[in-house]
Number of protein chains: 2
Amino acid sequence: MLIRTPADLGAVIRDRRKRLKLDQSTLAKRIGVSRQWVIEIEHGHPRAELALVLRALDALGIPLNANPELKTSRGPAPTAVDINAIVAKAKKSKT
Amino acid sequence: MLIRTPADLGAVIRDRRKRLKLDQSTLAKRIGVSRQWVIEIEHGHPRAELALVLRALDALGIPLNANPELKTSRGPAPTAVDINAIVAKAKKSKT
DNA sequence: CATTTTTGTCAGCGTTCGCTGACATTATCA
DNA sequence: TGATAATGTCAGCGAACGCTGACAAAAATG
């Protein structure tokens with residue numbers, strides 16, 4: 001599942017929790033947060049604390065993967081050269 | 001890259017930013033946060049807001065993937081049956 | 001049906017967020 | 001080397017966090 005928004009994350013958490021047959025209280029204890037927190041996360045609370053979110057995913061056995069750009073297929077580096085920088089320098093040095 | 005802690009995330013963000021030859025100010029504008037925020041995230045700030053983090057990853061072109069448990073190899077469901085529930089019920093009903 | 005479990009809502013409280021703006025401290029580079 | 005950019009640090013401020021505890025609503029169970 002691709003996580004794009006807090007709501008996505010809430011859905012993932014809730015689904016997994018139900019799949020594991022846990023109620024919110026139990027999960028909350030396991031994560032080390034209040035039941036309130038679980039409720040809000042599952043509803044897509046946008047300002048939840050990063051660390052708590054990570055702990056929740058861990059408690060549910062959900063690994064989080066950040067792809068630092070999967071090889072964009074063949075062809076050489078798309079635009080690893082920074083044209084902007086080059087231009088900027090060209091402008092600086094008169095001739 | 002597997003994200004387990006806020007520090008992991010900070011590293012991923014910083015690496016990607018540098019690879020894209022962006023400075024913190026530029027990235028901050030792109031994400032829509034203050035430069036301060038970028039500094040703190042890259043240092044592993046544990047209480048950053050979820051939504052801002054997701055926006056940062058998006059701005060950097062880093063997709064986030066949550067595996068709802070990758071098929072744990074062969075063999076039938078590990079323990080999809082909830083023994084606890086069964087036992088609980090067994091206890092309730094006398095005979 | 002009645003009962004129990006689960007989920008959702010409310011308010012108040014102390015803590016911390018993320019922001020701004022200015023100022024150190026390092027890189028970077030000609 | 002000196003000058004510029006990039007990064008890091010500080011303090012103050014309004015806003016929101018996550019917590020507790022009690023209660024309401026909904027769902028499950030017999």
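We name chains A, B, ... by the order of the sequence lines, and we start the count at 1 in each one.
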* Structure fact -> The answer to which of A:Ser34 and B:Leu22 contacts DNA chain D further toward the 5' end, by nearest nucleotide, is B:Leu22

* Does any residue of residues 45-55 of chain A have a heavy atom under 4.0 Å from DNA chain D, and if so, which ones, in number order? -> A:His45, A:Arg47, A:Ala48, A:Glu49, A:Leu52

Below the 4.0 Å mark, does [N] have OP1 or OP2 next to a side-chain nitrogen or oxygen of [X]?
X: B:Arg35; N: D:dT9; result: no
X: B:Arg17; N: D:dT7; result: yes
X: B:Gln36; N: C:dT20; result: no

* A:Arg16 side-chain N/O to A:Ile62 backbone N/O, donor-acceptor pair under 3.5 Å -> no

* To do: Could you tell me whether the side chain of B:Ile13 reaches within less than 4.5 Å of the side chain of B:Val38, counting heavy atoms only?
  => no

* Starting at atom CZ of A:Arg14, determine the distance to atom P of C:dT7, rounded to an integer number of angstrom. => 7 Å

Closest approach of [X] to [Y] (non-hydrogen atoms, all atoms of both residues):
X: A:Pro6; Y: A:Gly44; result: CB-O, 3.3 Å
X: B:Asp8; Y: B:Leu2; result: OD2-O, 3.8 Å
X: B:Asn65; Y: A:Met1; result: OD1-O, 3.1 Å

* Can you figure out which of D:dT7, D:dG18, C:dG8 approaches the side chain of A:Trp37 most closely? => D:dG18

